[in-house]
Amino acid sequence: MSENKIPYKIYLTEDEVPKAWYNLRADMKNKPAPLLNPGTLKPLTAEELTPIFCEELVKQELDENTAYIEIPQEIRDFYRMFRPSPLVRAYCLEEKLKTPAKIYYKFEGNNTSGSHKLNSAIAQAYYAKKQGLKGVTTETGAGQWGTALSMACSYFDLDCKVYMVKVSYEQKPFRREVMRTYGASVVPSPSETTEVGRKILSEFPGTGGSLGCAISEAVEVATKSEGYRYVLGSVLNQVLLHQSVIGLEAKAALDKYGVKPDIIIGCAGGGSNLGGLIAPFMGEKLRGEADYRIIAIEPASCPSFTRGTFAYDFCDTGMICPLAKMYTLGSSFMPSPNHAGGLRFHGMSSTLSQLYHDGLMEARSVEQTSVFEAAEQFARVEGILPAPESSHAIRAAIDEALKCKETGEEKTILFGLTGTGYFDLVAYEKFHNGEMSDYIPTDEDIAASIAKLPKVEG
Ligand SMILES: *Cc1c(COP(=O)(O)O)cnc(C)c1O
(Lines give C-alpha, C1' and ligand atoms only; values in the text may rest on other atoms or scores of the structure.)
Protein backbone atom coordinates (compact mmCIF):
# COMPACT_ATOMS: atom_id res chain seq x y z
CA MET A 1 0.00 0.00 0.00
CA SER A 2 1.36 3.42 -0.77
CA GLU A 3 2.45 5.92 1.87
CA ASN A 4 -0.30 8.45 1.31
CA LYS A 5 -2.95 5.85 2.07
CA ILE A 6 -1.94 5.67 5.70
CA PRO A 7 -4.92 6.90 7.72
CA TYR A 8 -4.65 9.34 10.59
CA LYS A 9 -5.58 6.52 12.95
CA ILE A 10 -4.70 2.91 12.32
CA TYR A 11 -7.01 0.58 14.18
CA LEU A 12 -6.79 -3.19 14.39
CA THR A 13 -9.81 -5.40 14.03
CA GLU A 14 -10.71 -7.59 17.01
CA ASP A 15 -9.14 -10.54 15.19
CA GLU A 16 -5.85 -8.73 14.82
CA VAL A 17 -5.58 -7.90 18.51
CA PRO A 18 -2.85 -9.94 20.26
CA LYS A 19 -3.96 -13.15 21.96
CA ALA A 20 -0.66 -13.67 23.78
CA TRP A 21 1.79 -11.40 25.55
CA TYR A 22 5.40 -11.45 24.42
CA ASN A 23 8.08 -12.15 27.00
CA LEU A 24 11.14 -10.26 25.81
CA ARG A 25 13.45 -12.08 28.24
CA ALA A 26 13.06 -15.28 26.19
CA ASP A 27 15.14 -13.69 23.42
CA MET A 28 17.75 -12.04 25.65
CA LYS A 29 21.15 -13.69 25.70
CA ASN A 30 22.09 -11.85 28.88
CA LYS A 31 19.06 -12.37 31.09
CA PRO A 32 18.17 -9.73 33.66
CA ALA A 33 19.70 -10.53 37.05
CA PRO A 34 17.36 -12.31 39.49
CA LEU A 35 15.64 -10.63 42.42
CA LEU A 36 17.52 -11.30 45.65
CA ASN A 37 16.22 -12.02 49.12
CA PRO A 38 17.33 -8.96 51.14
CA GLY A 39 18.16 -11.19 54.13
CA THR A 40 20.17 -13.99 52.52
CA LEU A 41 21.20 -12.18 49.31
CA LYS A 42 20.30 -15.40 47.43
CA PRO A 43 18.01 -15.39 44.37
CA LEU A 44 14.40 -15.44 45.47
CA THR A 45 12.55 -18.69 44.89
CA ALA A 46 8.91 -19.05 43.93
CA GLU A 47 8.17 -20.24 47.49
CA GLU A 48 9.60 -17.03 48.93
CA LEU A 49 7.69 -14.84 46.49
CA THR A 50 4.23 -16.41 46.85
CA PRO A 51 3.49 -14.85 50.27
CA ILE A 52 3.89 -11.44 48.59
CA PHE A 53 2.65 -11.93 45.02
CA CYS A 54 -0.11 -14.03 43.37
CA GLU A 55 1.07 -17.50 42.32
CA GLU A 56 0.51 -17.09 38.59
CA LEU A 57 2.27 -13.72 38.64
CA VAL A 58 5.26 -15.26 40.44
CA LYS A 59 5.48 -17.79 37.61
CA GLN A 60 5.45 -15.00 35.06
CA GLU A 61 8.00 -13.04 37.06
CA LEU A 62 10.45 -15.94 37.06
CA ASP A 63 9.78 -17.24 33.55
CA GLU A 64 12.60 -16.12 31.30
CA ASN A 65 12.17 -18.77 28.63
CA THR A 66 8.57 -18.84 27.39
CA ALA A 67 8.34 -16.31 24.57
CA TYR A 68 4.55 -16.13 24.28
CA ILE A 69 2.13 -16.39 27.19
CA GLU A 70 -1.55 -16.64 26.34
CA ILE A 71 -3.77 -13.76 27.49
CA PRO A 72 -6.68 -15.40 29.33
CA GLN A 73 -10.07 -14.87 27.69
CA GLU A 74 -11.41 -12.92 30.71
CA ILE A 75 -8.61 -10.38 30.34
CA ARG A 76 -9.12 -10.15 26.58
CA ASP A 77 -12.81 -9.47 27.23
CA PHE A 78 -11.89 -6.55 29.48
CA TYR A 79 -9.24 -5.28 27.02
CA ARG A 80 -12.04 -5.06 24.43
CA MET A 81 -13.53 -2.12 26.36
CA PHE A 82 -10.55 0.09 25.54
CA ARG A 83 -8.32 -1.86 23.17
CA PRO A 84 -7.02 -1.92 20.56
CA SER A 85 -5.71 1.54 21.32
CA PRO A 86 -5.23 3.81 18.33
CA LEU A 87 -1.93 4.16 16.52
CA VAL A 88 -1.96 7.71 15.23
CA ARG A 89 0.04 9.18 12.39
CA ALA A 90 0.85 12.66 13.68
CA TYR A 91 0.23 14.39 10.35
CA CYS A 92 -0.69 17.67 12.09
CA LEU A 93 2.44 17.73 14.20
CA GLU A 94 4.62 16.84 11.21
CA GLU A 95 3.13 19.73 9.28
CA LYS A 96 3.55 22.15 12.14
CA LEU A 97 7.21 21.15 12.50
CA LYS A 98 7.71 21.17 8.73
CA THR A 99 9.67 17.97 9.10
CA PRO A 100 10.16 15.26 6.51
CA ALA A 101 10.05 12.76 9.40
CA LYS A 102 7.02 10.50 9.73
CA ILE A 103 5.75 10.47 13.28
CA TYR A 104 3.48 7.86 14.81
CA TYR A 105 2.25 7.59 18.36
CA LYS A 106 0.46 4.83 20.22
CA PHE A 107 -2.13 6.44 22.47
CA GLU A 108 -2.84 4.62 25.74
CA GLY A 109 -4.88 7.34 27.45
CA ASN A 110 -8.15 6.12 25.98
CA ASN A 111 -9.63 4.66 29.15
CA THR A 112 -11.02 6.20 32.33
CA SER A 113 -7.83 5.62 34.31
CA GLY A 114 -6.14 7.69 31.60
CA SER A 115 -2.99 5.63 31.11
CA HIS A 116 -1.45 2.36 29.98
CA LYS A 117 -1.45 1.05 33.57
CA LEU A 118 -4.83 -0.60 33.14
CA ASN A 119 -3.22 -3.18 30.79
CA SER A 120 -1.38 -4.72 33.72
CA ALA A 121 -3.87 -3.85 36.47
CA ILE A 122 -6.57 -6.00 34.92
CA ALA A 123 -4.17 -8.92 34.49
CA GLN A 124 -2.98 -8.71 38.09
CA ALA A 125 -6.54 -8.44 39.43
CA TYR A 126 -7.59 -11.41 37.30
CA TYR A 127 -4.86 -13.68 38.70
CA ALA A 128 -5.65 -12.56 42.26
CA LYS A 129 -9.31 -13.42 41.74
CA LYS A 130 -8.45 -16.75 40.15
CA GLN A 131 -6.39 -17.64 43.20
CA GLY A 132 -9.41 -16.95 45.41
CA LEU A 133 -7.88 -13.96 47.19
CA LYS A 134 -9.96 -11.36 49.03
CA GLY A 135 -8.02 -8.38 47.86
CA VAL A 136 -4.76 -6.67 46.95
CA THR A 137 -2.68 -3.80 48.29
CA THR A 138 -0.55 -1.38 46.39
CA GLU A 139 1.05 2.05 46.41
CA THR A 140 0.41 4.91 44.07
CA GLY A 141 2.32 8.12 43.49
CA ALA A 142 0.49 10.54 41.25
CA GLY A 143 -2.44 8.13 41.25
CA GLN A 144 -2.57 6.60 37.77
CA TRP A 145 -1.69 3.12 38.95
CA GLY A 146 -4.08 3.28 41.91
CA THR A 147 -6.87 4.42 39.60
CA ALA A 148 -6.21 1.64 37.12
CA LEU A 149 -6.03 -0.96 39.86
CA SER A 150 -9.28 0.19 41.49
CA MET A 151 -11.05 -0.14 38.15
CA ALA A 152 -9.64 -3.63 37.67
CA CYS A 153 -10.50 -4.72 41.22
CA SER A 154 -14.07 -3.50 41.01
CA TYR A 155 -14.49 -5.45 37.75
CA PHE A 156 -13.45 -8.66 39.50
CA ASP A 157 -15.05 -7.76 42.85
CA LEU A 158 -11.79 -7.66 44.83
CA ASP A 159 -10.95 -5.42 47.76
CA CYS A 160 -8.31 -2.82 46.89
CA LYS A 161 -6.19 -0.94 49.46
CA VAL A 162 -4.11 1.86 48.02
CA TYR A 163 -1.27 3.62 49.87
CA MET A 164 -1.03 6.99 48.20
CA VAL A 165 2.04 9.21 48.60
CA LYS A 166 0.83 11.86 51.06
CA VAL A 167 1.66 14.96 48.96
CA SER A 168 -0.31 13.52 46.06
CA TYR A 169 -3.17 12.51 48.37
CA GLU A 170 -3.42 16.11 49.46
CA GLN A 171 -2.69 17.77 46.11
CA LYS A 172 -4.64 15.42 43.85
CA PRO A 173 -8.04 14.94 45.47
CA PHE A 174 -9.64 14.15 42.12
CA ARG A 175 -7.64 11.00 41.49
CA ARG A 176 -8.38 9.90 45.03
CA GLU A 177 -12.10 10.30 44.40
CA VAL A 178 -11.94 8.32 41.17
CA MET A 179 -10.35 5.48 43.14
CA ARG A 180 -13.03 5.68 45.82
CA THR A 181 -15.71 5.69 43.14
CA TYR A 182 -14.37 2.30 42.07
CA GLY A 183 -14.52 1.11 45.67
CA ALA A 184 -10.85 1.31 46.71
CA SER A 185 -9.77 2.50 50.15
CA VAL A 186 -7.09 5.13 49.88
CA VAL A 187 -4.65 5.82 52.75
CA PRO A 188 -2.14 8.69 52.71
CA SER A 189 1.41 7.35 53.14
CA PRO A 190 3.31 7.32 55.44
CA SER A 191 0.48 6.33 57.74
CA GLU A 192 -0.04 5.11 61.28
CA THR A 193 -1.56 1.88 59.92
CA THR A 194 1.78 0.08 59.45
CA GLU A 195 4.96 -0.51 61.43
CA VAL A 196 7.14 0.92 58.68
CA GLY A 197 4.82 3.93 58.33
CA ARG A 198 5.00 4.67 62.05
CA LYS A 199 8.79 4.34 61.95
CA ILE A 200 9.15 6.75 59.03
CA LEU A 201 6.73 9.21 60.66
CA SER A 202 8.70 9.21 63.90
CA GLU A 203 11.98 9.83 62.02
CA PHE A 204 10.55 12.36 59.56
CA PRO A 205 7.40 13.90 61.01
CA GLY A 206 5.72 16.09 58.42
CA THR A 207 7.21 14.17 55.46
CA GLY A 208 5.14 14.23 52.27
CA GLY A 209 6.05 10.59 51.67
CA SER A 210 7.61 8.86 48.69
CA LEU A 211 6.84 6.00 46.39
CA GLY A 212 9.44 3.83 48.08
CA CYS A 213 7.84 4.41 51.46
CA ALA A 214 4.31 3.70 50.19
CA ILE A 215 5.59 0.42 48.68
CA SER A 216 6.94 -0.62 52.08
CA GLU A 217 3.57 0.02 53.71
CA ALA A 218 1.56 -1.80 51.03
CA VAL A 219 3.87 -4.85 51.20
CA GLU A 220 3.64 -4.96 54.97
CA VAL A 221 -0.15 -4.94 54.91
CA ALA A 222 -0.32 -7.58 52.16
CA THR A 223 1.99 -9.98 53.97
CA LYS A 224 0.22 -9.53 57.30
CA SER A 225 -3.38 -9.81 56.05
CA GLU A 226 -4.92 -13.19 55.31
CA GLY A 227 -6.10 -13.48 51.68
CA TYR A 228 -4.21 -10.42 50.44
CA ARG A 229 -1.28 -10.01 48.10
CA TYR A 230 0.75 -7.04 46.94
CA VAL A 231 0.66 -5.81 43.35
CA LEU A 232 3.00 -3.37 41.63
CA GLY A 233 2.30 -1.20 38.59
CA SER A 234 5.75 -1.01 37.00
CA VAL A 235 9.39 -2.17 37.21
CA LEU A 236 8.66 -5.93 37.51
CA ASN A 237 9.10 -8.37 34.63
CA GLN A 238 5.42 -9.43 34.85
CA VAL A 239 4.32 -5.83 34.30
CA LEU A 240 6.53 -5.44 31.23
CA LEU A 241 5.05 -8.71 29.99
CA HIS A 242 1.46 -7.42 30.27
CA GLN A 243 2.43 -4.11 28.69
CA SER A 244 3.83 -5.92 25.64
CA VAL A 245 0.26 -5.65 24.31
CA ILE A 246 1.13 -2.01 23.47
CA GLY A 247 4.07 -2.91 21.26
CA LEU A 248 2.41 -5.95 19.71
CA GLU A 249 -0.57 -3.85 18.65
CA ALA A 250 1.65 -1.04 17.39
CA LYS A 251 3.75 -3.44 15.35
CA ALA A 252 0.70 -5.20 13.92
CA ALA A 253 -0.77 -1.84 12.89
CA LEU A 254 2.47 -0.67 11.25
CA ASP A 255 2.94 -4.04 9.54
CA LYS A 256 -0.48 -3.62 7.89
CA TYR A 257 1.02 -0.74 5.94
CA GLY A 258 4.53 -2.12 5.63
CA VAL A 259 5.94 0.64 7.83
CA LYS A 260 9.15 0.05 9.83
CA PRO A 261 10.09 2.61 12.47
CA ASP A 262 13.69 3.83 12.51
CA ILE A 263 13.46 5.28 15.99
CA ILE A 264 11.28 4.15 18.90
CA ILE A 265 10.91 6.50 21.84
CA GLY A 266 9.26 6.08 25.23
CA CYS A 267 9.29 7.81 28.59
CA ALA A 268 10.82 5.78 31.40
CA GLY A 269 9.68 5.82 35.01
CA GLY A 270 9.93 2.22 36.15
CA GLY A 271 10.13 1.13 32.53
CA SER A 272 6.81 -0.63 31.95
CA ASN A 273 5.35 1.34 29.06
CA LEU A 274 8.71 1.55 27.33
CA GLY A 275 9.38 -2.14 27.90
CA GLY A 276 5.93 -2.93 26.50
CA LEU A 277 6.18 -0.65 23.49
CA ILE A 278 9.60 -1.84 22.40
CA ALA A 279 9.08 -5.55 23.20
CA PRO A 280 8.41 -7.01 19.74
CA PHE A 281 10.85 -4.60 18.06
CA MET A 282 13.59 -5.37 20.57
CA GLY A 283 12.78 -9.07 20.04
CA GLU A 284 13.60 -8.69 16.34
CA LYS A 285 16.74 -6.78 17.22
CA LEU A 286 17.86 -9.47 19.66
CA ARG A 287 17.22 -12.21 17.11
CA GLY A 288 19.14 -10.24 14.48
CA GLU A 289 16.10 -9.83 12.21
CA ALA A 290 15.91 -6.04 12.21
CA ASP A 291 17.53 -3.01 13.76
CA TYR A 292 15.93 -0.06 15.50
CA ARG A 293 17.18 2.90 17.50
CA ILE A 294 15.42 2.70 20.83
CA ILE A 295 15.53 5.67 23.19
CA ALA A 296 14.38 5.89 26.82
CA ILE A 297 13.53 9.39 27.99
CA GLU A 298 13.74 10.30 31.66
CA PRO A 299 13.45 13.50 33.67
CA ALA A 300 16.71 15.36 34.35
CA SER A 301 15.55 15.55 37.97
CA CYS A 302 15.39 11.75 38.36
CA PRO A 303 17.94 10.42 35.87
CA SER A 304 18.33 6.72 36.76
CA PHE A 305 19.61 5.52 33.35
CA THR A 306 21.79 8.47 32.46
CA ARG A 307 23.35 9.17 35.87
CA GLY A 308 22.54 6.10 37.96
CA THR A 309 24.67 3.09 38.83
CA PHE A 310 24.02 -0.47 37.59
CA ALA A 311 23.82 -2.34 40.88
CA TYR A 312 21.62 -4.29 43.24
CA ASP A 313 19.34 -2.00 45.20
CA PHE A 314 16.14 -1.99 47.20
CA CYS A 315 12.94 -1.12 45.38
CA ASP A 316 11.57 0.64 48.46
CA THR A 317 12.73 3.14 51.08
CA GLY A 318 11.85 0.83 53.98
CA MET A 319 14.31 -1.75 52.58
CA ILE A 320 11.94 -4.67 53.09
CA CYS A 321 11.41 -5.47 49.40
CA PRO A 322 13.58 -7.77 47.30
CA LEU A 323 16.77 -6.40 45.79
CA ALA A 324 16.77 -5.83 42.05
CA LYS A 325 19.80 -5.27 39.84
CA MET A 326 19.07 -2.11 37.96
CA TYR A 327 20.20 1.37 37.06
CA THR A 328 19.48 3.21 40.28
CA LEU A 329 20.02 6.53 42.00
CA GLY A 330 19.85 4.75 45.35
CA SER A 331 16.65 3.94 47.25
CA SER A 332 17.14 6.97 49.50
CA PHE A 333 17.17 9.34 46.50
CA MET A 334 14.30 11.84 46.59
CA PRO A 335 13.58 13.91 43.50
CA SER A 336 13.23 17.63 44.17
CA PRO A 337 9.73 18.63 45.29
CA ASN A 338 9.41 21.08 42.40
CA HIS A 339 9.61 18.18 39.98
CA ALA A 340 6.07 17.94 38.60
CA GLY A 341 6.07 15.35 35.91
CA GLY A 342 5.91 11.88 37.45
CA LEU A 343 8.64 9.35 36.55
CA ARG A 344 10.09 9.77 40.01
CA PHE A 345 11.11 6.20 40.85
CA HIS A 346 14.77 5.89 41.88
CA GLY A 347 15.37 2.67 39.92
CA MET A 348 14.49 1.06 36.61
CA SER A 349 13.18 -2.27 35.33
CA SER A 350 15.98 -4.83 35.49
CA THR A 351 15.11 -6.07 32.00
CA LEU A 352 15.55 -2.60 30.50
CA SER A 353 18.60 -2.01 32.67
CA GLN A 354 20.26 -5.12 31.22
CA LEU A 355 19.37 -4.10 27.64
CA TYR A 356 20.76 -0.62 28.23
CA HIS A 357 23.88 -2.04 29.83
CA ASP A 358 24.38 -4.26 26.77
CA GLY A 359 24.14 -1.26 24.44
CA LEU A 360 20.85 -2.34 22.88
CA MET A 361 19.09 0.90 23.71
CA GLU A 362 19.93 4.52 24.45
CA ALA A 363 18.74 6.91 27.15
CA ARG A 364 18.44 10.65 27.35
CA SER A 365 17.25 13.04 30.03
CA VAL A 366 15.13 16.14 29.49
CA GLU A 367 14.27 19.13 31.68
CA GLN A 368 10.73 19.71 32.77
CA THR A 369 10.10 23.15 31.27
CA SER A 370 11.12 21.83 27.85
CA VAL A 371 8.83 18.85 28.47
CA PHE A 372 5.84 21.14 29.09
CA GLU A 373 6.73 23.23 26.03
CA ALA A 374 6.55 20.06 23.95
CA ALA A 375 3.30 19.04 25.68
CA GLU A 376 1.67 22.33 24.79
CA GLN A 377 2.92 22.28 21.22
CA PHE A 378 1.56 18.75 20.82
CA ALA A 379 -1.82 19.53 22.43
CA ARG A 380 -2.37 22.49 20.16
CA VAL A 381 -2.03 20.51 16.95
CA GLU A 382 -2.91 16.92 17.80
CA GLY A 383 -5.81 17.73 20.12
CA ILE A 384 -4.81 15.44 22.99
CA LEU A 385 -3.86 16.94 26.36
CA PRO A 386 -0.85 14.73 27.16
CA ALA A 387 0.28 13.56 30.59
CA PRO A 388 3.55 15.19 31.69
CA GLU A 389 5.16 11.72 31.77
CA SER A 390 4.18 11.06 28.16
CA SER A 391 5.41 14.51 27.21
CA HIS A 392 8.99 13.44 27.91
CA ALA A 393 8.61 11.16 24.87
CA ILE A 394 6.94 13.94 22.89
CA ARG A 395 9.92 16.19 23.63
CA ALA A 396 12.35 13.66 22.23
CA ALA A 397 10.15 12.82 19.22
CA ILE A 398 9.96 16.51 18.31
CA ASP A 399 13.72 16.87 18.74
CA GLU A 400 14.37 13.90 16.45
CA ALA A 401 11.88 15.25 13.90
CA LEU A 402 13.64 18.63 13.95
CA LYS A 403 16.98 16.90 13.33
CA CYS A 404 15.42 15.30 10.27
CA LYS A 405 14.37 18.76 9.11
CA GLU A 406 18.02 19.82 9.21
CA THR A 407 19.36 16.75 7.46
CA GLY A 408 16.41 16.17 5.14
CA GLU A 409 16.14 12.55 6.31
CA GLU A 410 12.66 11.01 6.17
CA LYS A 411 12.95 8.94 9.29
CA THR A 412 10.00 7.13 10.78
CA ILE A 413 9.56 7.81 14.48
CA LEU A 414 7.26 5.86 16.78
CA PHE A 415 6.63 7.05 20.30
CA GLY A 416 4.44 6.02 23.21
CA LEU A 417 1.79 8.51 24.31
CA THR A 418 1.07 6.87 27.62
CA GLY A 419 -1.72 8.99 29.01
CA THR A 420 -3.77 12.13 29.40
CA GLY A 421 -2.96 15.11 31.59
CA TYR A 422 -6.35 16.18 32.97
CA PHE A 423 -5.25 15.55 36.53
CA ASP A 424 -1.97 17.37 36.03
CA LEU A 425 -3.37 20.82 35.44
CA VAL A 426 -1.72 22.23 38.55
CA ALA A 427 1.61 21.47 36.89
CA TYR A 428 0.38 22.99 33.62
CA GLU A 429 -0.73 26.04 35.62
CA LYS A 430 2.78 26.43 37.10
CA PHE A 431 4.22 26.18 33.62
CA HIS A 432 1.83 28.79 32.20
CA ASN A 433 2.50 31.16 35.09
CA GLY A 434 6.24 30.87 34.54
CA GLU A 435 6.64 29.36 38.00
CA MET A 436 8.14 26.08 36.86
CA SER A 437 11.85 25.57 37.29
CA ASP A 438 14.30 22.90 36.23
CA TYR A 439 16.02 21.19 39.09
CA ILE A 440 18.91 18.93 38.27
CA PRO A 441 20.47 17.01 41.15
CA THR A 442 24.16 17.65 41.72
CA ASP A 443 26.76 14.89 41.50
CA GLU A 444 27.05 15.17 45.29
CA ASP A 445 23.27 14.58 45.72
CA ILE A 446 23.50 11.42 43.68
CA ALA A 447 26.75 10.24 45.24
CA ALA A 448 25.20 10.55 48.70
CA SER A 449 22.36 8.14 47.94
CA ILE A 450 24.58 5.83 45.87
CA ALA A 451 26.88 5.54 48.89
CA LYS A 452 23.98 3.87 50.73
CA LEU A 453 23.51 1.08 48.18
CA PRO A 454 23.46 -2.36 49.80
CA LYS A 455 26.75 -4.21 49.47
CA VAL A 456 26.11 -7.07 47.09
CA GLU A 457 28.50 -8.90 44.79
CA GLY A 458 27.69 -8.91 41.08
C1 LIG B 1 3.05 5.57 35.36
C2 LIG B 1 3.13 6.30 34.11
C3 LIG B 1 4.32 6.38 33.37
C4 LIG B 1 5.62 5.79 33.82
O5 LIG B 1 5.64 4.46 34.21
P6 LIG B 1 6.41 3.35 33.39
O7 LIG B 1 6.28 2.13 34.22
O8 LIG B 1 7.81 3.79 33.20
O9 LIG B 1 5.70 3.20 32.12
C10 LIG B 1 4.31 7.05 32.17
N11 LIG B 1 3.20 7.66 31.72
C12 LIG B 1 2.04 7.63 32.41
C13 LIG B 1 0.86 8.34 31.85
C14 LIG B 1 1.97 6.94 33.61
O15 LIG B 1 0.82 6.91 34.27
Side-chain angles (χ1 to χ4, degrees), residues 1-22 68 70-95 101-123 148 151-152 155 242-267 272-281 283-284 292 378-379 381-387 390 393-394 397 401 412-422:
M1 235 174 273
S2 79
E3 267 285 313
N4 55 19
K5 292 249 184 67
I6 293 176
Y8 181 74
K9 275 187 185 145
I10 308 178
Y11 278 105
L12 298 175
T13 64
E14 287 203 5
D15 279 351
E16 294 166 324
V17 170
K19 297 180 178 60
W21 293 300
Y22 168 59
Y68 286 92
E70 198 191 316
I71 307 175
Q73 187 59 48
E74 292 86 341
I75 299 174
R76 277 157 54 195
D77 288 344
F78 185 86
Y79 276 171
R80 258 202 281 256
M81 288 193 253
F82 64 104
R83 309 205 67 83
S85 72
L87 180 76
V88 184
R89 171 76 185 266
Y91 283 118
C92 308
L93 181 63
E94 289 170 19
E95 186 164 325
K102 301 176 178 68
I103 309 174
Y104 293 84
Y105 59 89
K106 180 77 170 155
F107 180 47
E108 291 292 320
N110 245 350
N111 65 78
T112 294
S113 77
S115 81
H116 66 285
K117 295 206 170 66
L118 195 54
N119 299 330
S120 183
I122 194 63
M151 287 179 72
Y155 184 75
H242 306 146
Q243 296 296 357
S244 68
V245 69
I246 304 173
L248 292 164
E249 279 185 10
K251 187 157 190 311
L254 290 173
D255 283 349
K256 272 172 101 158
Y257 291 89
V259 176
K260 277 208 163 300
D262 299 297
I263 308 175
I264 304 169
I265 296 170
C267 63
S272 74
N273 86 84
L274 179 65
L277 175 69
I278 68 173
F281 302 98
E284 287 188 336
Y292 304 96
F378 180 85
V381 289
E382 288 292 324
I384 295 170
L385 179 73
S390 323
I394 299 177
T412 298
I413 300 168
L414 166 66
F415 75 88
L417 188 69
T418 50
T420 50
Y422 297 110

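Numbers here are sequence positions counted from 1.
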Original post:
Does a donor on one side chain sit under 3.5 Å from an acceptor on the other, for Tyr68 and Lys19?
Top reply: no

Original post:
Counting heavy atoms not belonging to Lys9, are there more than 12 under 6.0 Å from its NZ?
Top reply: no

Subject >> Nearest-0.5 Å distance, CD1 of residue Ile384 to CD1 of residue Ile394 >> reply: 8.5 Å

**OP:** Of all the heavy-atom pairs spanning Val17 and Pro84, show the shortest one and how long it is.
**Re:** CG2-CD, 3.7 Å

**OP:** Applying side-chain contact (heavy atoms from CB on, under 4.5 Å) between Pro86 and each of Leu417, Asn110, Leu12, report the one that passes.
**Re:** Asn110

Original post:
Nearest heavy-atom pair of Lys251 and Pro280: which atoms, and what distance?
Top reply: CD-CB, 3.8 Å

**OP:** For the pair Glu284 (side chain) and Phe281 (backbone), establish whether a donor and an acceptor sit closer than 3.5 Å, ignoring hydrogens and angles.
**Re:** no

**OP:** Kindly indicate, with the supporting measurements, whether the criterion side chain to side chain contact (heavy atoms under 4.5 Å, CB included) is fulfilled by Ser115 and Glu108.
**Re:** CA-CA 5 Å; Ser115 81; Glu108 291 292 320; over 6 Å; no

Original post:
Short question: side chain of Asn273, backbone of Leu277 - any donor-acceptor pair under 3.5 Å?
Top reply: no

**OP:** Using a 4.5 Å cut-off on heavy atoms from C-beta on, say whether the side chain of Ile71 contacts that of Tyr79.
**Re:** yes

**OP:** Report the C-alpha distance between Val259 and Tyr104 in whole Å, list the side-chain angles of each, state the deciding distance to 0.1 Å, and finish with yes or no for side chain to side chain contact (heavy atoms under 4.5 Å, CB included).
**Re:** CA-CA 10 Å; Val259 176; Tyr104 293 84; 3.7 Å; yes

Original post:
Counting distance only, does the side-chain N/O of Thr420 pair as donor-acceptor with the main-chain N or O of Tyr422 below 3.5 Å?
Top reply: no

Subject >> Working for side chain to side chain contact (heavy atoms under 4.5 Å, CB included), residues Ser85 and Ile246 >> reply: CA-CA 8 Å; Ser85 72; Ile246 304 173; 5.7 Å; no

Original post:
What's the shortest heavy-atom distance between Ile413 and Ala401, and which atoms?
Top reply: CD1-N, 3.7 Å

Original post:
For the residue pair Phe415 and Phe378, does the interplanar ring angle fall in the parallel (under 30°), tilted (30 to 60°) or perpendicular (over 60°) class?
Top reply: perpendicular

Original post:
Less than 4.0 Å between a side-chain N and a carboxylate O, is that true for Lys102 and Glu94?
Top reply: no

Original post:
Within the side chain of Thr412, is there an N or O that forms a donor-acceptor pair under 3.5 Å with the backbone of Pro261?
Top reply: no

Original post:
Between the side chain of Glu16 and the main-chain N/O of Ala252, is any donor-acceptor distance below 3.5 Å?
Top reply: no

**OP:** Taking the side chain as every heavy atom from C-beta outward, state whether Thr112 and Phe82 have any pair of such atoms under 4.5 Å apart.
**Re:** no

Subject >> salt_bridge(Glu14, Arg80) N-O dist < 4.0 Å >> reply: yes

Original post:
Short question: side chain of Lys256, backbone of Tyr11 - any donor-acceptor pair under 3.5 Å?
Top reply: yes

Original post:
Quick one: are His116 and Ser272 in side-chain contact, heavy atoms under 4.5 Å?
Top reply: yes

Original post:
How close do Ile10 and Ala253 get, heavy atom to heavy atom, and via which atoms?
Top reply: CG2-CB, 3.7 Å

Original post:
Is Gln73 atom CD crowded by more than 12 heavy atoms from other residues, nucleotides or ligands, each under 6.0 Å away?
Top reply: yes

**OP:** Examine distances only and state if a side-chain atom of Gln243 and a backbone atom of Leu274 form a donor-acceptor pair shorter than 3.5 Å.
**Re:** no

**OP:** Output yes when a side-chain donor or acceptor of Asn111 lies under 3.5 Å from a complementary backbone atom of Gly114, and no otherwise.
**Re:** yes

Original post:
Given side chains that start at C-beta, do those of Arg89 and Pro7 come closer than 4.5 Å, heavy atoms only?
Top reply: no

**OP:** Indicate the atoms forming the closest heavy-atom contact of Ala279 with Ser244, along with that distance.
**Re:** CB-CB, 4.0 Å

**OP:** Look up atom CD1 in Ile122 and atom CZ in Arg83, then write down how far apart they are to the nearest 0.5 Å.
**Re:** 12.5 Å

Original post:
Can you tell if the side chain of Leu87 reaches within under 4.5 Å of the side chain of Tyr105, non-hydrogen atoms only?
Top reply: no

**OP:** Please work out which of the three classes, parallel, tilted or perpendicular, describes the rings of His242 and Trp21, given edges at 30° and 60°.
**Re:** tilted

**OP:** Please check if the side chain of Glu382 supplies one atom and the backbone of Cys92 the other of a donor-acceptor pair under 3.5 Å.
**Re:** yes

**OP:** Could you tell me whether the side chain of Tyr91 and the main chain of Tyr8 form a donor-acceptor pair under 3.5 Å?
**Re:** no

Original post:
Just how far is it from atom CE of Met151 to atom CG of Leu118, taken to the nearest 0.5 Å?
Top reply: 5.0 Å

**OP:** Would you name the heavy atoms of Pro386 and Ala379 that are closest together and state the gap between them?
**Re:** CD-CB, 4.0 Å

